[in-house]
Student: 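Got a structure here, written out as structure tokens. Questions coming.
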Number of protein chains: 2
Amino acid sequence: MKRDSRLSSVLHALLHMAEHDGPMTSERLAECMNTNPVVVRRTMGLLREAGIVASARGHAGGWTITADLGILTLRQLHEVLGEPAIFAIGNRNETPDCLVEQSVNAALDAAFAEAEALLLDRFADVTLADLAADFARRHAERRARKGVGNAK
Amino acid sequence: MKRDSRLSSVLHALLHMAEHDGPMTSERLAECMNTNPVVVRRTMGLLREAGIVASARGHAGGWTITADLGILTLRQLHEVLGEPAIFAIGNRNETPDCLVEQSVNAALDAAFAEAEALLLDRFADVTLADLAADFARRHAERRARKGVGNAK
DNA sequence: TTTCATGTAACTTTAATTATTACGAATCTT
DNA sequence: AAGATTCGTAATAATTAAAGTTACATGAAA
């Protein structure tokens, strides 16, 4: 299976949009993420339905953020994307008649449920504003390393 | 992508083997799990390399457990299977130049790392003997519900 | 020496994501 | 009003990884 990278993609897109004045087209976002504009529209369309972004057609159209980045969390975005399956490992048969397999499933399910709960809690802890701040920090660091702005 | 169900499969196989006297053939194990004998051999072969099971060819051949079920954990089996990817969700690009994407990756990676650590800890908590005991409990319960052994 | 069973390579099928093509609909500019 | 721009979306193909299948070699027991 391929891994679902849409959460990563929409985060990337939203942060670029936050750094950018005015709407960004699907075309430009697609360039940022090395993908296809149609893929961008499909994924961003889900965020639009959730009221997180808005889109406009025609000249000077494109995508804009409408949500408050200080409130929007990774968990909300995960939900907006339809809560895709988190694990690449799973039971062979979800509803087995075999009692042996039922024991196996119960043990695995319990472990996966705990891990999923923790992951979603961590997702809920991180807002888009947190990510934007982290980016700003990395950006400042890079500038410092390059010596940009150092009088000399 | 399909989900990897080999851990579930080998647990199922090991418990059936534990309940069974003498070696079990790939054919019989495959029937238990609704799969193909070659798939069983492929997967069980990894366990053999790790010294968890032994195989014998020819008449009266098949698979037998050599490990101590009281010590063998889900985590060890996960490792023996090559530590397959746990998550079906991931970063779009693992080594991006883009600072924005680096921030996104860092946040997601941190959350996934925590969830993975928890999952592996839980896997380490469960031995095959625990699963066998759980199966025995379920088996007894079913017998009780059916009234088997109830004098009447 | 025949039968049974594993060992493995090569190939096919299946399932899921992502990418692409094509075209329609709306909006802005001139 | 014409034309360019941009989203909306359906339909289809490509990609990727797991699981299944076929074929045949190897070895052990009756």
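What you see is a predicted model; the values in this text were computed from it and never measured.
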Student: Would you classify B:N36 as touching base, sugar-phosphate or nothing, given that sugar-phosphate means primed atoms plus P, OP1 and OP2, and contacts are heavy atoms under 4.0 Å?
Tutor: base
Student: Would you kindly give the CD1-to-P distance between B:I86 and D:dA18, to the nearest whole Å?
Tutor: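 Rounded to whole Å, this separation is 14 Å.
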Student: Whole angstrom is fine here: how far is it from CE in A:M33 over to P in C:dT20?
Tutor: 14 Å
Student: Give me, pair by pair, the N or O atoms of the protein and of nucleotides 11-13 of chain D that are less than 3.5 Å apart, along with how far apart they are.
Tutor:
from: D:dA11; atom 1: N6; to: A:R42; atom 2: NH1; distance (Å): 3.4

Student: Got a donor-acceptor contact below 3.5 angstrom from the A:S103 side chain to the B:F135 backbone?
Tutor: yes
Student: Starting at CG of B:N93 and ending at P of C:dT17, how long is that distance when rounded to a whole Å?
Tutor: 20 Å
Student: Between C1' on D:dA18 and CG on B:L81, what's the gap in Å once rounded to a whole number?
Tutor: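 Distance, rounded to whole Å: 13 Å.
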Student: Round to a whole Å and report the spacing from CZ of B:R6 to C1' of D:dA17.
Tutor: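 Atom CZ in B:R6 sits about 11 Å away from atom C1' in D:dA17.
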Student: For B:T35 and D:dA19, is the shortest distance between a side-chain N/O and OP1 or OP2 below 4.0 Å?
Tutor: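 For D:dA19, OP1/OP2 do not have a side-chain N/O of B:T35 under 4.0 Å.
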Student: Name the residue closer to the 5' end of DNA chain D, choosing between B:V39 and B:P84 according to the nucleotide with the nearest heavy atom.
Tutor: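 This one resolves to B:P84.
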Student: Specify the residue among B:W63 and A:N34 whose closest nucleotide of DNA chain C lies further upstream toward the 5′ end.
Tutor: B:W63
Student: A:F123 vs B:F112 aromatic rings, parallel, tilted or perpendicular, using cut-offs 30° and 60°?
Tutor: perpendicular
Student: Taking only the side-chain heavy atoms of A:R48 (C-beta and beyond), determine which of D:dG8, C:dA19, C:dT6 contains the nearest atom.
Tutor: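 Among D:dG8, C:dA19, C:dT6, the one nearest the side chain of A:R48 is D:dG8.
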Student: Are the side chain of B:S5 and the backbone of B:S8 linked by a donor-acceptor contact shorter than 3.5 Å?
Tutor: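 Checked: no pair found.
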Student: When only distance counts, do a donor and an acceptor, one from the side chain of A:H59 and one from the base of D:dT6, lie under 3.5 Å apart?
Tutor: no
Student: Quick one: label B:A85 by what it contacts on the DNA or RNA (base, sugar-phosphate, nothing), any heavy atom closer than 4.0 Å.
Tutor: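 Nothing: the residue B:A85, judged by heavy atoms under 4.0 Å, touches no strand.
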Student: Sort and list the pairs that fulfil salt bridge (Lys or Arg N to Asp or Glu O under 4.0 Å) and have at least one residue in residues 31-57 of chain A, not counting sequence neighbours.
Tutor: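 Salt bridge (Lys or Arg N to Asp or Glu O under 4.0 Å) check on residues 31-57 of chain A returns no pairs.
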Student: To the nearest angstrom, how far is B:E27 atom CD from C:dG7 atom C1'?
Tutor: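 My rounded result for the distance is 15 Å.
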Student: Quick one, A:L108 with B:L7, criterion side chain to side chain contact (heavy atoms under 4.5 Å, CB included). Give me CA distance, side-chain angles, the key distance, then yes/no.
Tutor: CA-CA 9 Å; A:L108 290 177; B:L7 181 57; 3.9 Å; yes
Student: Look at A:R41 and D:dG8 and indicate whether a side-chain polar atom (N or O) is within less than 4.0 Å of OP1 or OP2.
Tutor: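 For D:dG8, neither OP1 nor OP2 has a side-chain N or O of A:R41 closer than 4.0 Å.
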Student: May I ask you to evaluate whether B:R57 reaches the phosphate of D:dT26, defined as a side-chain N or O under 4.0 Å from OP1 or OP2?
Tutor: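 It does not, given that no N or O in the side chain of B:R57 lies less than 4.0 Å from OP1 or OP2 of D:dT26.
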Student: Need one value for B:G45: base, sugar-phosphate or nothing, where a base atom within 4.0 Å counts as base even if backbone is also close, heavy atoms only.
Tutor: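 If one applies the 4.0 Å heavy-atom cut-off, B:G45 turns out to touch nothing in the nucleic acid.
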Student: Give the rounded distance in Å between these two atoms: NE2 of A:H12 and P of C:dT18.
Tutor: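 After rounding, the reported distance stands at 15 Å.
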Student: OP1 or OP2 of C:dA19 versus the side-chain N and O atoms of B:R92: is any pair under 4.0 Å?
Tutor: yes
Student: Under 30°, 30 to 60°, or over 60°: which ring-plane class applies to B:H16 and B:H12, parallel, tilted or perpendicular?
Tutor: tilted
Student: For the pair made of CZ in A:R3 and C1' in D:dT15, what is the distance, rounded to whole Å?
Tutor: 16 Å
Student: Kindly indicate whether the side chain of A:K2 and the base of C:dT18 share any N or O donor-acceptor pair separated by less than 3.5 Å?
Tutor: no
Student: State whether A:S26 places a side-chain N or O below 4.0 Å from either non-bridging phosphate oxygen (OP1 or OP2) of D:dC7.
Tutor: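 So the side-chain polar atoms of A:S26 do come within 4.0 Å of the phosphate oxygens OP1 or OP2 of D:dC7, strictly under.
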Student: Using OP1 and OP2 only, check whether a side-chain N or O of A:S5 sits under 4.0 Å from C:dT17.
Tutor: no
Student: Going from CG on A:L69 to CD1 on A:I52, what distance comes out if it is rounded to the nearest 0.5 angstrom?
Tutor: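 The CD1 atom of A:I52 is 10.0 Å from CG of A:L69, to the nearest 0.5 Å.
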Student: Hey, does the side chain of B:R6 reach the backbone of B:L81 with a donor-acceptor pair shorter than 3.5 angstrom?
Tutor: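 Yes, because the side chain of B:R6 sits within donor-acceptor range (under 3.5 Å) of the backbone of B:L81.
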